[in-house]
Amino acid sequence: MSTRIAFLKGHGTENDFVIVPDPENAIDLPPAAVAALCDRRAGIGGDGLLHVVRSAAHPEARHMAAEAEWFMDYRNGDGSIAEMCGNGVRVFARYLQRAGHVSAGDLAVATRAGVKTVHIAKAVSDSGPAAGDITVGMGKALLPEGDVTVSVGERSWPARNVNMGNPHAVAFVDDLAHAGDLYTPPPFSPAAAYPDGVNVEFVVDRGPRRVALRVHERGAGETRSCGTGACAVAVATARRDGVDPGVTGTPATYTVDVPGGTLVITERPDGEIEMTGPAVIVAEGVIETEWLENALR
């Protein structure tokens, strides 16, 4: 391990991440190290960590290297591994652009949920490249059969089971305050529906094809935004509204307000889902390895 480890900090609609560039996969990041770096009081702070690795250098991504040069080795804030993070992919792409690895336009990013297509829009003003929104091809939603219920205190709601490469339970509520503090995972049933835990979204209507959500992210608690969650919510809302682009042949677009901003989600007739939103790099620096070693003791 080098004396110092470079890092950056970024966010997408205030879903924030520690970014660790490591093209050759030379840095050991055990779960305890990730949790220490994401700690908001004793570490850098983040909902998760983006480990930036060339696909060819990572055993989980080598089979995708021909399609995507870069692999998003994503970790939750508690150090656990996650399949996918929609806001994280946008911030990952913004880092690649900042570092000069890619420019505005199209690129592919390897994730544990497969290769995702990304489009970095050109800046539309003089405020620099960060002004261009980033669109991510999020793949298709799976809608597993079976009834699911989520609960908070004495309240419970039916939830739509949606899988975006990671699992979601989407519950429509009368008031977002009914979600409680979301510090701990909301109970769900049946347990067999989500053997590895679940991201839970609580949703209210804001207008025609516009909703707002609060989310408990598995392994992170309540976050200011969840990209895959916004996609799951858009699909669940469309089906609740009787809208299915696969049947109508017309794309369906929903605006999803999250605590940290706004995301625009489009489901196309072929089932592919696109998410558009901002991504910002806010800082860069170095991690003192002595601090990290002490944090792991």
Side-chain angles (χ1 to χ4, degrees), residues 8-23 47-58 60-75 82-124 128-141 164-166 225-232 234-235 251 253 256 258 260-268 270-282:
L8 298 90
K9 180 72 182 286
H11 77 90
T13 51
E14 298 182 11
N15 194 188
D16 61 335
F17 309 96
V18 179
I19 306 163
V20 178
D22 182 22
D47 293 323
L49 183 143
L50 305 175
H51 185 205
V52 184
V53 185
R54 282 196 168 88
S55 298
H58 198 288
E60 293 183 70
R62 287 187 187 119
H63 67 287
M64 295 180 278
E67 298 178 73
E69 180 181 2
W70 296 96
F71 173 54
M72 184 181 76
D73 176 16
Y74 181 69
R75 317 292 183 85
E83 303 92 340
M84 175 57 183
C85 177
N87 288 316
V89 172
R90 296 201 318 279
V91 175
F92 188 93
R94 182 69 79 211
Y95 162 74
L96 293 177
Q97 181 188 30
R98 177 191 174 100
H101 297 306
V102 302
S103 57
D106 297 327
L107 70 145
V109 175
T111 76
R112 290 185 176 86
V115 175
K116 303 301 179 184
T117 57
V118 178
H119 179 79
I120 303 174
K122 292 183 178 179
V124 293
D133 278 349
I134 295 179
T135 299
V136 180
M138 300 290 287
K140 299 179 181 180
M164 287 298 308
N166 57 356
S225 180
C226 177
T228 55
C231 294
V235 172
T253 297
V256 181
V258 298
T262 298
L263 296 167
V264 177
I265 312 299
T266 297
E267 184 182 9
R268 304 206 172 277
D270 62 1
E272 292 292 325
I273 296 170
E274 293 181 346
M275 173 186 63
T276 299
V280 180
I281 303 297
V282 299

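Model, not experiment: these values are computed from the prediction. In this chain, numbering begins with 1 at the start of the sequence shown.
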Legend entry - Smallest separation among heavy atoms of A230 and I265, with atom names: O-CG1, 3.9 Å

Inset, instruction - Start with the C-alpha gap between Y95 and V52, add the side-chain angles, then the distance that decides, and say whether side chain to side chain contact (heavy atoms under 4.5 Å, CB included) holds. - result: CA-CA 9 Å; Y95 162 74; V52 184; 3.9 Å; yes

Legend entry - Under the side-chain hydrogen bond (donor to acceptor under 3.5 Å, both in side chains) test, residues paired with T266 that sit two or more places apart: T253

Inset, instruction - Taking all non-hydrogen atoms of both residues into account, name the closest pair between V109 and M72 and its distance. - result: CG1-CB, 4.1 Å

Legend entry - 4.5 Å side-chain heavy-atom contact, R90 and D133: no

Inset, instruction - Find the distance between CG (L107) and CZ (F92) and round it off to the nearest 0.5 Å. - result: 9.0 Å

Legend entry - Closest contact, heavy atoms only, A279 versus R94: O-NE, 2.8 Å

Legend entry - Residue list, side-chain hydrogen bond (donor to acceptor under 3.5 Å, both in side chains) with T111, at least two apart or on another chain: none

Legend entry - Qualifying residues under side chain to side chain contact (heavy atoms under 4.5 Å, CB included), relative to K9, sequence neighbours excluded: D16, I44, V282, A283

Legend entry - Results of ring pair (Phe, Tyr, Trp, His ring centres under 6.0 Å) for H58 - residues two or more places apart only: F71

Legend entry - Non-hydrogen side-chain atoms of P23 and R54 separated by less than 4.5 Å: yes

Inset, instruction - Please answer whether the main-chain N or O of A68 pairs with a side-chain N or O of S55 as donor and acceptor at a distance below 3.5 Å. - result: yes

Legend entry - V89 and M275, any side-chain heavy atoms less than 4.5 Å apart: no

Inset, instruction - Output all residues satisfying side chain to side chain contact (heavy atoms under 4.5 Å, CB included) with R98, sequence neighbours left out; order by chain, then residue number. - result: L8, I281, E284

Inset, instruction - Considering non-hydrogen atoms only, spot the tightest contact between V91 and G12 and give its length. - result: CG2-N, 3.6 Å

Legend entry - Heavy-atom closest contact (M164 atom, M84 atom, distance): O-CG, 4.4 Å

Inset, instruction - Heavy atoms only: give me the nearest S225-T13 pair and the separation to one decimal. - result: OG-OG1, 2.6 Å

Legend entry - D47: salt bridge (charged side-chain N to carboxylate O under 4.0 Å, His left out) partners, not counting sequence neighbours: R40

Inset, instruction - Go through the structure and list residues passing side chain to side chain contact (heavy atoms under 4.5 Å, CB included) with E67, not counting sequence neighbours. - result: V115

Legend entry - Test side-chain hydrogen bond (donor to acceptor under 3.5 Å, both in side chains) applied to E272 - qualifying residues, sequence neighbours left out: none

Inset, instruction - May I ask you to decide if the ring planes of W70 and H101 are parallel, tilted or perpendicular, using 30° and 60° as cut-offs? - result: tilted

Inset, instruction - Under the side chain to side chain contact (heavy atoms under 4.5 Å, CB included) rule, collect the residues that match up with E274, sequence neighbours excluded. - result: T135, R268

Legend entry - Separation of L49 CG from Y74 OH (nearest 0.5 Å): 8.5 Å

Inset, instruction - Please examine the side chains of R112 and D73, heavy atoms only from C-beta on, and report whether any two atoms are closer than 4.5 Å. - result: yes

